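Just below is one structure, and these are the notes that go with it.
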Amino acid sequence: MSKEKPSIPKGTRDFGPAVVVKRNYIFSVIKRTFQKFGYLPLETPAMEQLSVLTGKYGEEGDQLMFKILNNGLHEKKEAEKEKLQEHWNKLLSQPYSTPAITERALRYDLTVPFARFVVMHRNDITFPFKRYQIQPVWRADRPQKGRYREFYQCDADVVGTNSLLCEAEIVQMIDEVLTTLGLTDFTIKINHRGILAGMAESIGAKGKEGEICVAIDKLDKVGQAGVRKELLEKGYLDSRIDQLFEILKVSGTFDEKLLSLANKIKSPIGEIDDTFELNEQKITINDLNNPDNITDWKHKKAITDLKGVETYLKGFKFNHFERLEFDPTLARGLSYYTGCIFEVKVNNVSMGSISGGGRYDNLTGMFGLPGVSGVGFSFGVDRIYDVLEELQLFPESSQVGTRVLLVQFDKESELYALPLLQALRDAGISAELYPEATKLKKQMNYADQKKIPFVILIGSEEMASGKLKLRNMQSGEQQDMTLPEIITQLLTPEA
RNA sequence: GUGGUUGUAGCUCAGUCGGUUAGAGCACCAGAUUGUGAUUCUGGGGGUCGUGGGUUCGAGCCCCAUCUUCCACCCCA
């Protein structure tokens, strides 16, 4: 007999019945919306080949990946042991994984496996291909609030089209899901990798938008002073940082911000590229609507993409523009995004982003299928759950369960109850019979604990008369009724 | 990966300066009540004080290690 206390790995959780019911409610809202927009379900294995995943999420991602130890390692033949030892030493000496030790890993997100799927089945699927996927992913991150090592993502992605219609629909889906869940105060932030690249170039840091992004993404957290400090440490000059803040100083409506930024990043201030002609032409709102009028400038696409998304949304008569914010400081790290990027924040709750996504032009290219652009986003269910719990937004109706419990007294009443139980179930009422003829107190208590709203008592009197005793557990009222009457009553929605 | 934090009954937590047999509320079980839950009353069970070492005559309390929780970084859903 082991005295060992059972436990589960760090950052993982069990979900009890009450929690699963609520989680399923969230899943169902998300699924319904995805399907409404024409996305179909897909599932992929929990583990992928390590080679499929490595290098797709940057250095950090590679480190946070759960790698799977090859099986049979302890059974290797004597002759191979020395070689194996070598590999182990290599593995222990530095962050390096050898195929002799590990060649599989748990999936880190759903987008890369999806790209892998698309490439593998390129001949079987019709493009544009729209799929949604709701499965757990694993990251060896250190657990924190809203941060787990095993968590669910709900992805919707479409590959095989460049159309900004997809981006616009993503905004709509986010808005619809969160609104349906009862959330009202949230912000869908949108930005574009081209904006970030343009800002980097404008301060003479072409190609280094990575470290600039990491810094400015914290603007709302540590303020200008904090960002300045970080950039100074990275070797940027004060004057350059001033330029950066000047560019970021945008305000007003979506269009006003876009226009302001368009003029600020149209021409690099720093390290002038000889092949690039300084464009003094002032961009106007008209130019945004007819971008062909503008002579080409770097990162024009970022501006016209964002404008295009807005135009589609206006066409949809999207009426929640106050929730859509163009935020040039939004800098999502995932290394594969190339176009628009999204992030969603619920306001006035202590929780990071609950959704994010973006367009990626070269994910399938990494698997040998170039020229297939894709865009997608993901909901973090675990975080949405915490937010709904904090705001007490789970509806009572989302709590499903048994509606009526049959209480038995002895073998005779148990047998008598069986056809009744079946009839109730046939009528679509979730019903259960207490499986033992124990004391009434115990059976009633069971109904109470499970919050079963009705109990049917079947004793000798009831069997003799055919009138069953239906007890309302909330009010305590009971009345004698025939089975058809009971079924009618239970099917009537509560007033 | 860095810095901090937490762990005592199923749950939430007390536990004084290191000193006898570690407590409370809730929950659970039984009875009051052999055809009635939630309310009331009475009684009961339940602890290797996260784990492993150390200091001490003596450790829930002090020291070290380790695991876990939560938080801030890095990064991210």
Side-chain angles (χ1 to χ4, degrees), chain A residues 3-13 16 26 30 57-65 95 108-111 134-155 174 210-211 213-215 217-218 221-222 226 230 330-335 337 341-346 350-358 377-387 405 407-410 413 434 437-463 468-478:
Chain A
K3 279 176 129 184
E4 176 188 316
K5 281 186 186 170
S7 63
I8 55 174
K10 181 196 273 214
T12 66
R13 296 149 301 156
I26 300 175
I30 292 173
Y57 313 100
E59 212 175 302
E60 189 90 16
D62 287 352
Q63 284 172 15
L64 294 182
M65 217 175 291
Y108 184 84
D109 75 352
L110 301 178
T111 310
I134 300 181
Q135 290 190 280
V137 303
W138 294 269
R139 295 182 190 177
D141 213 348
R142 207 179 268 205
Q144 235 181 87
K145 185 178 176 68
R147 241 170 167 186
Y148 309 95
R149 287 186 155 182
E150 176 183 66
F151 62 96
Y152 272 71
Q153 286 195 329
C154 305
D155 272 42
I174 293 172
E211 54 187 37
C213 289
V214 167
D217 191 39
K218 295 174 196 152
K221 211 170 183 177
V222 300
E230 180 166 340
L330 168 62
R332 302 205 70 240
L334 273 191
S335 46
Y337 291 132
I341 48 182
F342 304 98
E343 190 164 292
V344 181
K345 174 90 180 66
V346 179
S350 53
M351 181 62 70
S353 67
I354 58 166
S355 175
F377 74 111
S378 180
F379 286 113
V381 180
D382 306 86
R383 287 188 173 184
I384 292 176
Y385 182 97
D386 289 346
V387 167
L405 175 76
V407 164
Q408 59 163 314
F409 289 84
D410 48 32
S413 72
Y434 196 88
T438 53
K439 275 179 290 197
L440 261 198
K441 182 182 171 109
K442 181 145 188 165
Q443 302 190 50
M444 298 293 288
N445 192 45
Y446 176 80
D448 192 46
Q449 291 297 316
K450 268 187 93 171
K451 294 195 169 37
I452 300 173
F454 293 97
V455 163
I456 295 174
L457 297 162
I458 305 166
S460 49
E461 294 168 27
E462 287 78 13
M463 285 188 280
L468 310 172
K469 195 148 274 170
L470 179 70
R471 179 179 176 88
N472 180 323
M473 291 296 281
Q474 210 187 341
S475 65
E477 291 167 11
Q478 353 189 95

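Lettering follows sequence order; numbering is per chain, from 1. Predicted model, so just to flag it, every value in this text is computed and none were measured.
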Need one value for A/Ser353: base, sugar-phosphate or nothing, where a base atom within 4.0 Å counts as base even if backbone is also close, heavy atoms only. sugar-phosphate
Walking RNA chain B from its 5' end, the first of A/Lys145 and A/Val214 to be reached, judged by nearest nucleotide, is A/Lys145
Taking atom P in both B/G52 and B/A14, what distance in whole Å separates the two? 24 Å
Any idea which of B/G37, B/A72, B/A77 is nearest the A/Arg139 side chain? B/A77
Would you say B/G37 has OP1 or OP2 under 4.0 Å from some side-chain N or O of A/Gln443? no
Sugar-phosphate, base or nothing in reach of A/Glu150, heavy atoms under 4.0 Å: nothing
Using a 6.0 Å distance limit plus a 45 degree cone around the ring axis, check whether A/Arg471 lies over the aromatic ring of A/Phe454. no
Given B/C71, B/U36, B/A77, the nucleotide with the shortest approach to the side chain of A/Tyr148: B/A77
Using the six-membered ring of A/Tyr148, assess whether NZ or CZ of A/Arg13 lies under 6.0 Å from its centre and within 45 degrees of the ring axis. yes
Could you tell me how far B/C67 sits from B/G3 if I compare only their P atoms? Round to whole Å. 14 Å
Measure the distance from CD1 on A/Ile354 to C1' on B/C76 and round it to the nearest whole Å. 15 Å
If you measure from the P atom in B/C13 to the same atom in B/G53, how many Å do you get, rounded? 29 Å
Nearest whole Å is fine: how far is B/A77 C1' from A/Ile341 CD1? 15 Å
Near-ring test A/Tyr108/A/Tyr57, centroid separation under 6.0 angstrom: yes
If you measure from the P atom in B/G23 to the same atom in B/G15, how many Å do you get, rounded? 15 Å
Between CD1 of A/Ile8 and C1' of B/U69 the distance, given in whole Å, is 12 Å
How far does the P atom of B/C62 sit from the matching atom of B/G19, given to the nearest Å? 11 Å
Base, sugar-phosphate, or nothing for A/Gly357, non-hydrogen atoms under 4.0 angstrom? nothing
Base, sugar-phosphate alone, or nothing: which one does A/Phe409 contact when heavy atoms must sit under 4.0 Å apart? base
Provide, to the nearest angstrom, the distance between the CE atom belonging to A/Met444 and the C1' atom belonging to B/U33. 14 Å
What I want to find out is whether A/Glu150 reaches A/Arg139 closely enough, with some N-O distance under 4.0 Å, to be called a salt bridge. no
Nearest heavy-atom neighbours spanning A/Ile30 and A/Val381: CD1-CG2, 4.5 Å
Please produce a list of atom pairs where a protein N or O lies less than 3.5 Å from an N or O of nucleotides 2-6 of chain B.
residue: B/U2; atom: O4; partner: A/Arg142; partner atom: NE; Å: 3.3
residue: B/U2; atom: O4; partner: A/Arg142; partner atom: NH1; Å: 2.9
residue: B/G3; atom: O6; partner: A/Arg142; partner atom: NH1; Å: 3.1

Between A/Gln153 and A/Ser378, what is the shortest heavy-atom contact and its length? CB-OG, 3.5 Å
Want to know the stems of RNA chain B: at least 3 consecutive Watson-Crick or G-U pairs with distances under 3.5 Å, which are they? B:1-4 with B:70-73, B:10-13 with B:23-26, B:28-32 with B:40-44, B:50-54 with B:62-66
Would you say A/Glu343 and A/Ser355 make side-chain contact, with heavy atoms under 4.5 Å? no
Using atom CG of A/Leu440 as one end and atom C1' of B/G31 as the other, report the distance to the nearest whole Å. 17 Å
Can you check whether any acceptor in the base of B/G1 is under 3.5 Å from a donor in the side chain of A/Glu60, or vice versa? no
Students often get this wrong, so: under 4.0 angstrom with heavy atoms, is A/Gly58 touching a base, only sugar-phosphate, or nothing? nothing
d(CD, A/Glu59; C1', B/G1) in whole Å: 12 Å
Write down the distance separating the C1' atoms in B/U40 and B/G47, rounded off to the nearest Å. 30 Å
Between B/A77 atom C1' and A/Ile26 atom CD1, what is the distance in whole Å? 13 Å
Can you measure A/Glu343 atom CD to B/A77 atom P for me and round it to whole angstrom units? 7 Å
Ignoring hydrogens and angles, answer whether the base of B/G37 and the side-chain atoms of A/Asp448 contain a donor-acceptor pair closer than 3.5 Å. yes
Identify whether any heavy atom of A/Ser460 sits under 4.0 Å from a base atom; if not, whether one sits that close to sugar-phosphate; answer base, sugar-phosphate or nothing. base
Between B/A77 and A/Phe151, is there a base-stacking contact, meaning the centre of the base's six-membered ring lies under 5.5 Å from the residue's ring centre while the planes stay under 30° apart? yes
I want to confirm an ordering. Mapping A/Phe379 and A/Glu230 to their closest nucleotides on RNA chain B, which one lands closer to the 5' end? A/Glu230
Closest of B/G35, B/U36, B/C73 to the A/Glu462 side chain is B/G35
Cationic N near anionic O, under 4.0 Å, A/Arg149 to A/Asp141: no
Assign A/Leu64 to base, sugar-phosphate, or nothing according to its heavy-atom contacts below 4.0 angstrom with the strands shown. nothing
So, is A/Lys10 close to the B/U68 phosphate, meaning a side-chain N or O under 4.0 Å from OP1 or OP2? yes
Below the 4.0 Å mark, does B/C76 have OP1 or OP2 next to a side-chain nitrogen or oxygen of A/Lys345? no
P gap between B/U6 and B/C61, integer Å: 14 Å
Option passing side-chain contact (heavy atoms from CB on, under 4.5 Å) with A/Asp155 (candidates A/Ile134, A/Leu110, A/Val137): A/Leu110
Taking only the side-chain heavy atoms of A/Lys221 (C-beta and beyond), determine which of B/G37, B/C71, B/C75 contains the nearest atom. B/C75
If the C1' atom of B/U12 is compared with that of B/U20, how far apart are they to the nearest Å? 29 Å
Side chains of A/Glu211 and A/Glu230, heavy atoms from C-beta outward: is any pair under 4.5 Å? no
Look at all strands and tell whether A/Tyr446 reaches a base, only sugar-phosphate, or nothing, counting heavy atoms closer than 4.0 Å. nothing
Phosphate-side-chain proximity, A/Lys218 and B/C74, N/O vs OP1/OP2 below 4.0 Å: yes
Do A/Phe151 and A/Arg383 come close enough that some side-chain heavy atom pair is under 4.5 Å? no
Would you please confirm or rule out a distance under 4.0 Å between OP1 or OP2 of B/G37 and any side-chain N or O of A/Gln474? no
Only one of A/Gln449, A/Gln443, A/Lys441 passes side-chain contact (heavy atoms from CB on, under 4.5 Å) with A/Asn445, and that residue is A/Gln449
Kindly say if A/Lys442 contacts the phosphate of B/U36, meaning a side-chain N or O under 4.0 Å from OP1 or OP2. no
Apply ring-ring contact (aromatic ring centres under 6.0 Å, His included) to A/Phe409 and list each qualifying residue two or more places apart in sequence or on a separate chain. none
Base, sugar-phosphate, or nothing: which does A/Gly61 touch, judged by heavy atoms less than 4.0 Å apart? nothing
Taking side chain as C-beta onward, heavy atoms only, is A/Gln478 less than 4.5 Å from A/Leu457? yes
Suppose we call a contact any N or O donor and acceptor under 3.5 Å apart; does that hold for the side chain of A/Arg147 and the base of B/C70? no
